[in-house]
Visitor: 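Let me give you the structure first, and then I'll get to my questions.
Fair warning: this is a prediction, and the values are worked out from it, not measured in the lab. These numbers come from the heavy atoms of this one structure, side chains and all, not from hydrogens, waters or symmetry mates.
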Amino acid sequence: MDIYKGSEVNFQLDSLSPGRSYRCRVCAVSSGGQSSWSNEAAFKTPPTLPHPPINMRVLGKVTVSSAVISWGRPCSDGGSAITSYSVQLCESRGDWETMATVAEQLSFSAPPSRPSSLSHTLTHLTPGTLYTVRVNCRSAVRTSDWSEVTSFSTAPGPPAPPDLLSLSSSLSAHSAKLNWKESVEYGSGVSGYEVEWGPVGGARHVMPLPQSPCEVSLTHLSPNTPHTARVKALSEAGHSEWSTSFSFTTSPSTPSPPSHLHLVSATPDSILVAWSVPPSPGSPLSHYHVHLLPAPPTPDSSHLVIPPSETQVTLQNLDPSTQYTVRVQAENGVGVGQLSAPLLATTLPPPPLPPSLSLVSCTHTSLRVAWGKKASKSISYTLQIASDSGRFHTTYTGTGVGHKLQRLTPSTRYTLRIAASSESGQGAWSDLLTCETLPVGPSPPLDLVMRQEGDVIMMSWEEVGHSLSVTYELQLKIGRQDFTQVYRSSAPSYAHTITNHTHHQARVRACASCHANDRKEQLFSGFSSVTSCDCSAPPPSDDHTPSTSLNDTTNTVETTGAPQETKWTWSEHWLKLFFVVLSVFVVVIGILLGKLFVSSQK
């Protein structure tokens with residue numbers, strides 16, 4: 001394009017674009033015409049400072065920690081292509097900080113009035129904070145001035161974690177007081193705090209707290225134990241992250257109260273108690289203190305000191321059937337711990353007194369003794385016997401109130417004693433009871449013979465030899481009647497007057513009397529074999545037939561031409577019958593009384 005016409009031989013080019021390459025040529029013009037163009041002269045204008053970016057603005061919604069900014073390319077690049085953009089951010093009353101460098105990706109081809117725009121996302125912003133942002137551009141040789149600034153505020157967010165915890169006072173065995181600095185608010189305010197604590201490796205506890213004061217007292221801590229604690233701030237926008245954990249160890253403590261204090265056993269004058277070893281944080285156990293006092297309490301109390309290796313003790317010299325209160329406390333290097341829960345223990349009643357031992361009956365091989373009227377399952381008895389050697393041995397143990405000792409030696413003196421036992425133990429032995437077995441009784445009579453002589457049955461048997469005087473008891477059975485005693489005397493014969501001519505049976509036994517155990521005893525033999533006799537009516541009498549007469553004043557049966565034998569008068573016969581009936585009545589009464597006695601023992 002033509003830029004100059006004139007007669008001068010030089011010309012200054014103005015309004016050139018910086019950083020652009022140009023070519024120039026010149027020709028002469030006269031009245032004769034125009035000459036050819038000269039050779040071209042090429043040159044390049046030096047680049048200048050680029051213009052700053054334009055149209056700074058925030059795009060879209062600003063979040064808690066990010067914002068998108070946009071800007072337009074500069075109106076002029078100063079003759080050198082723009083290579084990058086620098087984004088700087090500044091908090092309120094803070095310093096500018098370069099946040100990013102954005103590379104230019106498109107060539108500058110848009111007209112100045114309509115520049116293309118670029119954008120960048122700012123991240124890791126602080127919630128609830130006012131920011132100011134600016135941008136400049138850089139060419140290959142120069143950097144532009146900063147653009148106009150634009151401001152925005154991030155959305156409110158949770159507060160920052162509180163600063164590290166610290167101890168506000170000295171630790172104790174069971175408590176600690178911790179504090180912290182207020183959390184930085186990010187536009188939403190702090191509504192309170194939440195503290196978490198617990199032993200290392202143990203259960204964790206959480207406690208909500210108000211906004212202020214920024215401290216907490218932790219109680220019921222385990223003594224001599226490492227603990228950790230941390231805190232976080234609360235707000236309407238959410239909670240902060242947990243603070244850094246703070247570690248602390250509680251102080252050693254006195255022992256805990258011994259647990260599981262229980263009664264092991266009791267006697268009438270002592271009790272045995274035991275307990276479990278209590279925790280003793282930070283210091284080994286040195287003693288146990290055992291306190292004993294009656295229940296209800298009285299000024300009379302006792303105190304025992306037990307070494308730590310023992311977890312039970314026998315408390316002696318106590319009163320029987322008495323309730324006591326027992327408490328135990330442990331001691332270590334820190335001090336004496338608290339008392340355990342009280343244990344109520346009762347001593348047993350004293351052992352039962354010995355019963356009165358008495359002899360009930362005896363034979364030549366047995367002794368029956370009794371010592372009470374009613375048995376009890378809570379009391380047992382031990383019966384011991386000693387012969388002439390004097391050495392006692394147990395012959396019965398049980399809850400009964402009587403016992404029969406058998407297989408003893410006849411005519412032998414024995415000594416007996418008895419003791420009663422209960423849950424309290426065995427009581428004292430009773431007074432000695434000395435008793436004697438009976439001698440061996442007589443043997444059963446032999447050769448019982450029955451013969452009829454008219455209206456009389458003559459019965460005889462062999463005499464029984466014995467060291468004691470012997471009498472005989474004869475029993476007679478007439479027809480279908482039962483055996484009835486008809487004779488008791490020392491003579492080995494008997495004459496019975498026939499009143500009923502029918503079948504007769506007889507049996508006899510021997511009886512000896514002795515004195516034993518301060519009373520008279522009867523020794524009976526067994527009955528002899530039964531002998532039978534069928535009685536028939538006698539033939540008519542004549543002058544040569546022996547006559548039998550009953551004499552009311554004698555005990556013989558008189559037979560003509562025969563020696564005199566024993567006979568009974570009618571009055572003696574009815575008297576004997578009366579005694580037989582009376583004897584049967586006494587036996588029946590004795591049996592009934594015996595059954596009543598046995599049933600009462602049950």
Visitor: Determine the sole option in Gln485, Arg509, Arg507 for which the side-chain hydrogen bond (donor to acceptor under 3.5 Å, both in side chains) test with Gln475 is passed.
Guide: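 Single side-chain hydrogen bond (donor to acceptor under 3.5 Å, both in side chains) partner of Gln475 among Gln485, Arg509, Arg507: Arg507.
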Visitor: On a heavy-atom basis, which atom in Tyr487 and which in Ser489 lie closest, and how many Å separate them?
Guide: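 Smallest heavy-atom distance, with atoms named: OH-CB, 2.9 Å.
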Visitor: Less than 6.0 Å separating the ring centroids of Tyr288 and Trp275?
Guide: yes
Visitor: Measuring from Tyr324:OH to Thr346:OG1, what's the distance to the nearest 0.5 Å?
Guide: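 Tyr324 OH to Thr346 OG1: 10.0 Å, rounded to 0.5 Å.
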Visitor: With rounding to the nearest 0.5 Å, note down the distance linking OG1 in Thr254 to CD in Gln329.
Guide: 10.0 Å
Visitor: Take a 6.0 Å sphere around CZ of Phe524 and say whether it holds more than 12 heavy atoms from other residues, nucleotides or ligands.
Guide: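 Counting other residues, nucleotides and ligands, CZ of Phe524 exceeds 12 neighbours.
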Visitor: Please determine whether side chain to side chain contact (heavy atoms under 4.5 Å, CB included) holds for the pair Leu318 and Leu292, giving the CA-CA distance in whole Å, both sets of side-chain angles, and the decisive distance to 0.1 Å.
Guide: CA-CA 10 Å; Leu318 308 181; Leu292 173 73; 3.7 Å; yes
Visitor: Please state whether the rings of Phe248 and His227 are parallel, tilted or perpendicular, taking 30° and 60° as the class boundaries.
Guide: parallel
Visitor: Grab the two heavy atoms, one from Gln384 and one from Thr394, that are nearest each other, plus how far apart they are.
Guide: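 For Gln384 and Thr394, the tightest heavy-atom pair comes out as NE2-OG1, 3.2 Å.
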Visitor: Between His289 and His287, how do the two ring planes meet: parallel, tilted or perpendicular, split at 30° and 60°?
Guide: tilted
Visitor: Can Arg368 and Thr363 be counted as having a side-chain donor-acceptor contact under 3.5 angstrom?
Guide: no
Visitor: Check Arg204 against Pro199 and note the closest heavy-atom contact, atom names and distance.
Guide: NH1-O, 3.7 Å
Visitor: If you look at every heavy atom in Gly198 and His205, which pair is closest and at what distance?
Guide: CA-CD2, 4.4 Å
Visitor: For Glu331, which residues count as a salt bridge (charged side-chain N to carboxylate O under 4.0 Å, His left out) partner, sequence neighbours excluded?
Guide: none
Visitor: Give the table of side-chain donor-acceptor pairs shorter than 3.5 Å for residues 333-343, with sequence neighbours excluded, one pair per line with atom names and distance.
Guide:
unit_1, atom_1, unit_2, atom_2, d
Ser340, OG, Val328, N, 3.0
Ser340, OG, Val328, O, 3.3

Visitor: Of all the heavy-atom pairs spanning Lys177 and Ser217, show the shortest one and how long it is.
Guide: CG-OG, 3.7 Å
Visitor: Are Thr531 and Val449 side-chain neighbours, meaning at least one heavy-atom pair lies under 4.5 Å?
Guide: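 In short, these two side chains do not touch, never coming nearer than 4.5 Å.
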Visitor: With rounding to the nearest 0.5 Å, note down the distance linking OG1 in Thr250 to CG in Leu221.
Guide: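 Between Thr250 OG1 and Leu221 CG, I get 6.5 Å after rounding to 0.5 Å.
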Visitor: Which pair of non-hydrogen atoms, one from Pro352 and one from Gly425, has the smallest distance, and what is that distance?
Guide: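 Smallest heavy-atom distance, with atoms named: CD-O, 4.1 Å.
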Visitor: Do the ring planes of Tyr472 and Trp461 sit parallel (below 30°), tilted (30 to 60°) or perpendicular (above 60°)?
Guide: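 Perpendicular: the ring planes of Tyr472 and Trp461 meet at over 60°.
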